[in-house]
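Worth saying up front: this structure is predicted, and the values here are computed from it rather than measured. Order of the sequence lines sets the chain letters (A, B, ...), proteins ahead of strands, with each chain counted from 1.
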Amino acid sequence: MPDETTTDAAVVATTPQHSAATPAHPQRSEALAFAIGVAGWLVPGLGHALQKMWGRALGCFLTVGALVFLGVGMRGNLFSSEGGDAFGMLGYVADLGTGSFYFAARALETKGSDVAHAEGDYGTRFLAAAGVLNLLAALHAYEAARGRKA
Amino acid sequence: MITAMVFHLSHFQAMTLFALLISIAFGFLSRRRTSERVKYIIWSLFLFLLIGVGIGWAMYPFSR
């Protein structure tokens, strides 16, 4: 995997995150950083890819993708908005953290969930962890776009 | 038509895979240089497994 030291340094010099420090267009750069964060949430790794952090983009995409793939393969529970109780809603928010992968997982899990066995229970954790991990990555991309140390 | 895929993993396999993937993600997000990432991933994976197995052992007396 390429060393991202130089890549990130180049990005720091070119992205509008530095304009956030200067009073020229702070609102515009803040909006751009927010858009990058949302892009990173919708497609894992896209927020970093837009900032030319290729290693991080690939790492996020592959790890979140693998967690979702394994979670679905283990027949984990994908929560829906009609969960009812607070834990169901929390699970839904965590699952939705994978962005577009949530819908891919729904399409892939044709047999439905099976949490009666340990595998299915593990799968549920894999799916939730994928979502939370992707939210963390999106937040990281947002902070990087704002010019924070990343 | 998407065919259903089902994985059959043991507890240890599932834990190891989970630890590996999370370690890789953390390594890529928190470190920049490749060598630092590799060190971080190995160390994180080791701690994940050590703590996981340790908690398993600690819970063993209460399992029955």
Side-chain angles (χ1 to χ4, degrees), chain A residues 1-9 44-45 48 53-76 104 106-112 114 117-123 125-126 128-130 132-134 136-141 143-144 149-150, chain B:
Chain A
M1 203 52 62
D3 190 333
E4 289 189 350
T5 310
T6 52
T7 314
D8 286 355
H48 289 102
M53 298 176 178
W54 305 117
R56 281 174 175 158
L58 194 66
C60 289
F61 185 84
L62 291 179
T63 50
V64 173
L67 281 168
V68 170
F69 188 72
L70 285 166
V72 168
M74 294 162 82
R75 298 185 66 186
R106 276 226 168 277
L108 281 171
E109 203 172 59
T110 51
K111 281 180 132 181
D114 178 19
H117 297 95
E119 279 173 2
D121 210 23
Y122 274 127
R125 311 297 163 233
F126 271 58
V132 175
L133 189 64
N134 190 44
L136 181 72
L139 190 65
H140 185 273
E143 287 294 322
K149 188 173 182 283
Chain B
M1 179 73 186
I2 298 170
T3 55
M5 42 162 195
V6 178
F7 299 123
H8 297 288
L9 301 176
S10 68
H11 291 254
F12 186 74
Q13 286 170 334
M15 184 186 74
T16 307
L17 262 175
F18 182 86
L20 180 67
L21 290 168
I22 298 293
S23 298
I24 290 171
F26 280 178
F28 271 81
L29 283 177
S30 65
R31 297 289 183 270
R32 287 188 177 195
R33 302 178 74 88
T34 306
S35 59
E36 288 176 354
R37 282 178 178 168
V38 171
K39 275 185 213 165
Y40 186 96
I41 289 168
I42 291 171
W43 184 235
S44 173
L45 176 63
F46 172 72
L47 287 179
F48 258 120
L49 295 180
L50 184 76
I51 293 168
V53 172
I55 290 173
W57 271 94
M59 289 195 301
Y60 181 72
F62 312 104
S63 64
R64 61 189 79 194

query = To the nearest 0.5 Å, what is the distance between CH2 (B/Trp43) and OG (B/Ser23)?
reply = 12.0 Å
query = What closest approach, in Å, do B/Leu21 and A/Thr63 show between heavy atoms, and which atom pair accounts for it?
reply = O-CG2, 3.5 Å
ask   = In terms of the angle between their ring planes, are A/His48 and A/His140 parallel, tilted or perpendicular, with boundaries placed at 30° and 60°?
value = tilted
ask   = For chain A, which of B/Gly27, B/Ser30, B/Ala14 has the most heavy-atom pairs under 4.5 Å?
value = B/Ala14
task = Give, as side chain, backbone, both or neither, the part of A/His117 having an atom under 4.5 angstrom from any heavy atom of chain B.
result = neither
message = Can you tell me which of A/Leu62, A/Val72, A/Leu70 forms the most heavy-atom pairs within a distance under 4.5 Å of chain B?
response = A/Leu70
ask   = What part of A/Ala118 lies closer than 4.5 angstrom to a heavy atom of chain B: side chain, backbone, both or neither?
value = side chain
key: Main-chain N/O of A/Gly120 paired to A/Arg75 side chain as donor or acceptor, under 3.5 Å   = no
